[in-house]
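All remarks here apply to the structure that follows.
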Amino acid sequence: MPATVQAQWFGNSATLPAGLNAETGVTWNRDDTQTGSTPVPIPTATGTNYSYLKVLQLAVTGTSTTTITNRTVRISSAFAAGLGMHWKTDTQANWATSYNQQAASKATADQTASNSGATAPTGYTAITTSAVQYDNTSQATSATGIGTTLLMGVELAVDSTYAGGPGSASLGNVVLGYDEA
Amino acid sequence: MTTNGIMLAEPTGPVIEVRDCKHCFDNWMWVAVYDNDELLPECPADSHGRHMAFADIDRSRLVSLLLAPRVEGLPQIAVQVPPGAEPVLFRRRYVELQFSAGGAVGPNTIHCLGWEKNGVGAYTFAFEDGSILTTSDRNAV
């Protein structure tokens with residue numbers, strides 16, 4: 001009997017908040033919201049700008065007797081030139097230092113040195129069309145929530161080579177995977 | 001033969017009965033086959049009973065793993081587990097978060113049976129349309 005699992009977004013709090021349903025949509029923007037509309041500006045000269053981190057994890061919402069491992073992330077189609085998404089993980093205990101964005105972004109700082117939208121900054125891994133494991137914590141589905149799993153922070157990067165122009169960028173879907181046994 | 005669900009017979013293997021169960025929504029139910037021909041089905045005969053997980057399998061007695069289809073038209077899949085090998089059994093599920101329209105697609109599920117021994121593995125992935133991939137790469141899908 002499978003557990004019910006939901007992708008959840010965590011944010012808008014100085015302390016670790018309860019997750020909210022991310023399957024209704026997440027917008028990579030420049031504020032500490034799930035779907036706010038503060039845009040990430042496209043650099044007009046050499047440089048790369050970054051969204052706020054959007055913190056995601058898979059949460060058990062319907063219990064079972066199974067175990068979840070091997071959480072992965074990928075994108076369903078390749079990014080346009082000048083765009084990229086990058087992820088990192090941290091423990092729930094480090095929420096305040098890594099993911100509390102009430103006062104300011106905890107994502108990579110904008111830079112004017114290079115067009116690096118597709119290149120993962122130090123400490124991050126680029127999301128590609130190949131699934132990559134971001135967390136292998138074994139989680140029993142006998143309890144709801146995210147257990148002791150890591151939290152994944154994902155940022156969107158855009159550099160001056162992006163030719164899509166202002167507005168909402170057309171991106172593939174972020175695909176979160178897990179193994180249940 | 002159909003009895004309160006789908007009854008399937010493998011030419012040289014056990015007869016597996018898959019009952020309707022309100023708790024199960026995957027296309028296949030797994031069954032562990034022990035060395036005395038005893039079966040441990042994931043879904044109990046009484047669908048109100050406790051369902052089995054991979055951790056419930058007695059690996060010391062395990063001979064093979066089966067996927068019994070819960071949807072007509074899908075094949076029954078069997079994998080023999082060699083002596084001394086670690087069995088592999090999981091469902092790989094994916095949820096797609098949509099940027100443009102909001103919402104999500106899925107979960108899409110791929111079933112996997114196999115075994116691992118001495119750093120080598122054999123994995124059979126079963127997709128929801130009934131296609132099958134056998135590979136030595138656990139992360140091929």
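All chains are named by letter (A, B, ...) in the order of the sequence lines, taking the proteins before the strands, and each is independently numbered beginning at 1.
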### Query
Counting heavy atoms not belonging to B:Asp129, are there more than 12 under 6.0 Å from its CG?
yes
### Task
Give a yes or no on this: more than 12 heavy atoms of other residues, nucleotides or ligands lie within 6.0 Å of atom CD of B:Glu128.
yes
### Query
Which answer fits A:Asn21, side chain, backbone, both or neither, if we ask what part of it has an atom under 4.5 Å from a heavy atom of chain B?
neither
### Query
Is any residue of residues 134-141 of chain B within less than 4.5 Å of chain A by heavy atoms, and which ones?
B:Asn139
### Message
Count I, L, V, M, F, W, Y as connected when their side-chain heavy atoms are under 4.5 Å apart, and connections chain through other members. Are B:Tyr123 and B:Ile110 then in the same cluster?
### Response
yes
### Message
Test of understanding: clusters of I, L, V, M, F, W, Y form through side-chain heavy atoms closer than 4.5 Å, transitively. Do A:Val175 and A:Leu171 belong to the same one?
### Response
no
### Query
Do you reckon A:Tyr124 sits in the same ILVMFWY cluster as A:Val40, going by side-chain contacts under 4.5 Å, direct or chained?
no
### Nearest-0.5 Å distance that lies between atom OH in B:Tyr94 and atom CG in A:Asn173
14.5 Å
### Query
Checking heavy atoms, do the side chain of A:Ile68, its backbone, both or neither come under 4.5 Å from chain B?
neither
### Message
Give me the atom names and distance for the closest heavy-atom approach of A:Met1 to B:Glu42.
### Response
N-OE2, 3.4 Å
### B:Ala53 to A:Ala181 - nearest heavy-atom pair and separation
CB-O, 4.2 Å
### Query
Same hydrophobic cluster for A:Val158 and A:Tyr50, using side-chain heavy-atom links shorter than 4.5 Å among ILVMFWY?
no
### Query
If every non-hydrogen atom of B:Leu97 is compared with every non-hydrogen atom of A:Ala7, which pair is closest and at what distance?
CD2-CB, 3.9 Å
#### Entry: Co-membership, hydrophobic cluster, residues B:Leu89 and B:Trp28, 4.5 Å side-chain
yes
#### Entry: Heavy-atom proximity to chain B below 4.5 Å, by part of A:Ser76
side chain
### Message
What's the separation between atom CD in B:Glu96 and atom CZ in A:Arg74, rounded to the nearest 0.5 Å?
### Response
6.0 Å
### Task
Locate the shortest heavy-atom distance separating B:Cys24 from A:Pro2; write the atom from each residue and the value.
CA-CD, 4.5 Å
### salt bridge (charged side-chain N to carboxylate O under 4.0 Å, His left out): pairs with one or both residues in residues 165-181 of chain A, sequence neighbours excluded
A:Asp179-B:Arg92, A:Glu180-B:Arg93
### Task
Please state whether the side chain, the backbone, both or neither of A:Thr72 comes within less than 4.5 Å of a heavy atom of chain B.
side chain
### Message
Set out, in order, the CA-CA distance, both residues' side-chain angles and the distance that settles side-chain contact (heavy atoms from CB on, under 4.5 Å) for B:Phe90 and A:Thr67, then state yes or no.
### Response
CA-CA 9 Å; B:Phe90 61 84; A:Thr67 301; over 6 Å; no
